[in-house]
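What you see is a predicted model, and the numbers here were worked out from it, not measured in a lab.
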Amino acid sequence: MKVGDRVRVVQSVVVYHHPEHKKEAFDIKGLEGQVLDIITEWQGRPVSANLPVLVQFDKKFRAHFRDFELEVI
């Protein structure tokens, strides 16, 4: 998986910040988006982020994931 890849959420992931379902649980399993970034460093120092993959689904919604929660399309 690399920046720019199209991906699909393959595991059940519940978020509370989806723009159409604010402040309520929403499962995003099956949504497709594009990888924006893979977090490996912060301010020039290496980090081990818990949720390193940043995915943009639409103009207003993006989320962080672990690599095993996504599949490349």
Side-chain angles (χ1 to χ4, degrees):
M1 186 177 323
K2 61 186 182 304
V3 174
D5 284 351
R6 293 279 305 162
V7 293
R8 178 182 302 121
V9 181
V10 293
Q11 291 192 345
S12 180
V13 177
V14 176
V15 297
Y16 290 85
H17 66 283
H18 191 276
E20 297 173 8
H21 304 278
K22 286 253 183 192
K23 298 183 182 177
E24 57 186 58
F26 182 65
D27 189 3
I28 59 174
K29 182 177 181 179
L31 283 184
E32 296 180 3
Q34 182 175 2
V35 176
L36 285 183
D37 196 9
I38 298 176
I39 313 301
T40 57
E41 63 177 48
W42 182 71
Q43 294 184 347
R45 296 182 305 214
V47 295
S48 58
N50 292 336
L51 305 170
V53 183
L54 178 62
V55 178
Q56 179 86 37
F57 292 100
D58 59 25
K59 191 172 184 177
K60 292 185 176 184
F61 180 58
R62 60 186 185 177
H64 292 266
F65 296 92
R66 295 175 185 95
D67 57 353
F68 61 85
E69 295 173 327
L70 303 169
E71 72 176 353
V72 178
I73 301 175

N/O donor-acceptor pairs under 3.5 Å from side chains in residues 60-73, not counting sequence neighbours:
from  : atom 1 : to    : atom 2 : distance (Å)
His64 : ND1    : Leu51 : O      : 3.4
Arg66 : NH1    : Glu69 : OE2    : 3.4
Glu69 : OE1    : Arg66 : N      : 3.0
Glu71 : OE2    : Arg8  : NH1    : 2.6

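- Hydrophobic clustering keeps Val3 apart from Val53 (ILVMFWY residues linked when any side-chain heavy atoms are closer than 4.5 Å, directly or through intermediates).
- Scanning for salt bridge (charged side-chain N to carboxylate O under 4.0 Å, His left out) contacts around Asp27 gives an empty result, with sequence neighbours left out.
- For the residue pair Ala49 and Pro52, the shortest heavy atom distance occurs at O-CD, 3.7 Å.
- The other residues sharing a hydrophobic cluster with Ile39 are Trp42, Val47, where clustering joins ILVMFWY side chains under 4.5 Å apart.
- Applying the salt bridge (charged side-chain N to carboxylate O under 4.0 Å, His left out) definition to pairs two or more places apart or across chains, none involves residues 10-24.
- The salt bridge (charged side-chain N to carboxylate O under 4.0 Å, His left out) test applied to Lys59 returns no partner, not counting sequence neighbours.
- Cluster annotation: Phe57 is not connected to Val14 through the hydrophobic network of ILVMFWY side chains, with a link wherever side-chain heavy atoms come within less than 4.5 Å.
- Through direct or indirect side-chain contacts shorter than 4.5 Å among Ile, Leu, Val, Met, Phe, Trp and Tyr, Leu54 is connected to Leu36.
- The structure places CD1 of Ile38 at 7.5 Å from CG of Asp5, a figure rounded to the nearest 0.5 Å.
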